[in-house]
There are 2 protein chains.
Amino acid sequence: MSSTPGAIPARTPEATPARLRVIPSRLLAGVAAVADRLVGDRLAAEGAHKWHFAVLVALDEAGAASQAELSRRTGIYRSDMVAVLNQLSDAGCIRRDPDPADRRRNVITLTSAGRRRLERLDTLITDAQRELLAPLTPEQQEQLTDLLGILTDHHRPQHPGRADGE
Amino acid sequence: MSSTPGAIPARTPEATPARLRVIPSRLLAGVAAVADRLVGDRLAAEGAHKWHFAVLVALDEAGAASQAELSRRTGIYRSDMVAVLNQLSDAGCIRRDPDPADRRRNVITLTSAGRRRLERLDTLITDAQRELLAPLTPEQQEQLTDLLGILTDHHRPQHPGRADGE
DNA sequence: GACGAACGTTAGCCACACCAACGTTCCTGT
DNA sequence: ACAGGAACGTTGGTGTGGCTAACGTTCGTC
């Protein structure tokens, strides 16, 4: 009975407890949510979603691919990929043709409209990152990205069979 | 028609495009998901959730409080707080008494069982953080926490009415 | 004494990650 | 040659988490 039961002691309006403000997983969740909102809002203003951007980048960088491969490259589930590609296709950003070499697959190809779209979305994303990282110095921004990169590499999606040098 | 349409060129099995691996918001989302799974799994093994931990910490650190205030301290919505407190109450971790000074409120008090529970959960959370940050040096771990702290502070929950120096 | 605001509570919505199943097509072993 | 298993694209469904809406109660204030 260290505190008087029945009366709320402190009047400190509201402040996140110090012990919570120091837990990395919690900080990560919070900042990730902010980042997601920042990115999501800008993309939504153009009728886009982050998935669209991810797919467009994957196509632009590694060239045409099957849906399954895009799935693996972007981390988007095959199931969800269908809808994303439908929308991108409707917008004329990609073409989806049956693969003559493997009739199970579709070959997804980036169109020039898609490349233009990508450029636009890239700007928005970059802006969002800038706003997100605004309170950090350029060195800190790089530090953060590096650290997150290390963690991302270490905690692989899954390691269903050691894939690389191990 | 720079690429042969109808054939998938590279055979590179799957690799996240470099441009995606460098976008902070994306890295954050990924690492936050890993962290959440790490923490969530351990807590689930004891029938707990991260919310329980947050509430217990808030109570332990700042003393008894109303549900609304706990809401503000932890970031958990008032609506969801109800269920969390029900569970904590069922487990005997807290007491929920009407506040004699304000009959709208309940005074939430941490019991000794709750304090014991908190200690246990704290161990689990700490373990999870350790596993999460394993690939980083102690200095890097501190750096990361600091950087995330800065971002958390800057991007306030909301600022619905200029709260601070403005 | 009336009105607006805060409280606790219930119910529900929506976005997102994930899983299950199916028909098609391919690859492999025998 | 052919049977079995695996990968592909697709549809539909599940579960969880953040958030909103509304309501009755109680407080503070004018």
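In what follows, every chain begins at residue 1, and chains take the letters A, B, ... in the order their sequences are listed. Computed from a prediction, not measured in an experiment: that's the story for all the values here.
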Winner on side-chain proximity to A/Ser79, out of C/dA17, D/dT11, D/dT26, is D/dT11
Side-chain contact check for B/Lys50: nearest option of C/dA17, D/dG18, D/dC8 is D/dG18
Q: Would you indicate whether B/Glu142, at its atom CD, is surrounded by more than 12 heavy atoms from other residues, nucleotides or ligands within a distance under 6.0 Å?
A: no
Taking C/dG8, C/dT25, D/dT10 as options, the one with an atom nearest any side-chain atom of B/Asn106 is C/dG8
**Ion pair A/Arg19/B/Asp122, N-O distance below 4.0 Å** = yes
B/Arg26 CZ to C/dC16 C1', in whole Å, measures 14 Å
Side-chain contact check for B/Arg104: nearest option of D/dA7, C/dT9, D/dT26 is D/dT26
Side-chain N or O of A/Gln67 versus OP1/OP2 of D/dT10: is the shortest distance under 4.0 Å? yes
Taken to the nearest whole Å, CG/B/Leu70 to C1'/C/dC7 is 13 Å
field: Check ion pair A/Glu69-A/Arg73 (N to O, under 4.0 angstrom)
entry: yes
Atom CD of B/Glu69 and atom C1' of C/dG8 are separated, to the nearest Å, by 15 Å
In whole angstroms, the gap separating C1' of D/dT14 from CG of A/Asp80 amounts to 13 Å
Looking only at C/dC7, D/dG18, D/dG9, the nucleotide nearest the B/Arg105 side chain is C/dC7
Atom CD1 of B/Ile108 and atom P of C/dC7 are separated, to the nearest Å, by 13 Å
Ranking D/dG9, D/dT26, C/dC26 by distance to the side chain of A/Arg103, first place goes to C/dC26
To the nearest angstrom, the CE-P distance between B/Met81 and D/dC19 comes to 13 Å
Testing C/dC18, C/dG8, D/dG9 for proximity to the side chain of B/Ser66, the answer is C/dG8
- Message: For D/dG17 and B/His49 - does any side-chain N or O of the residue sit under 4.0 Å from the phosphate oxygens OP1/OP2?
- Response: yes
Separation of C/dC18 atom C1' from B/Asp41 atom CG, nearest Å, is 14 Å
Side-chain contact check for B/Arg78: nearest option of D/dT11, C/dG8, D/dG17 is C/dG8
B/Trp51 has its side chain closest, among D/dG18, D/dT20, C/dA17, to D/dG18
From CG of B/Asp99 across to P of D/dG28 the rounded distance in Å is 11 Å
Residues A/Ala48 and A/Leu121: closest non-hydrogen pair is CB-CD2, 3.9 Å
Of A/Asp36 and A/Asp102, the one whose closest nucleotide on DNA chain C sits nearer the 5' end is A/Asp36
Checklist entry - Using 4.0 Å as the upper bound for N to carboxylate O, is an ion pair formed by A/Glu119 and A/Arg115? => result no
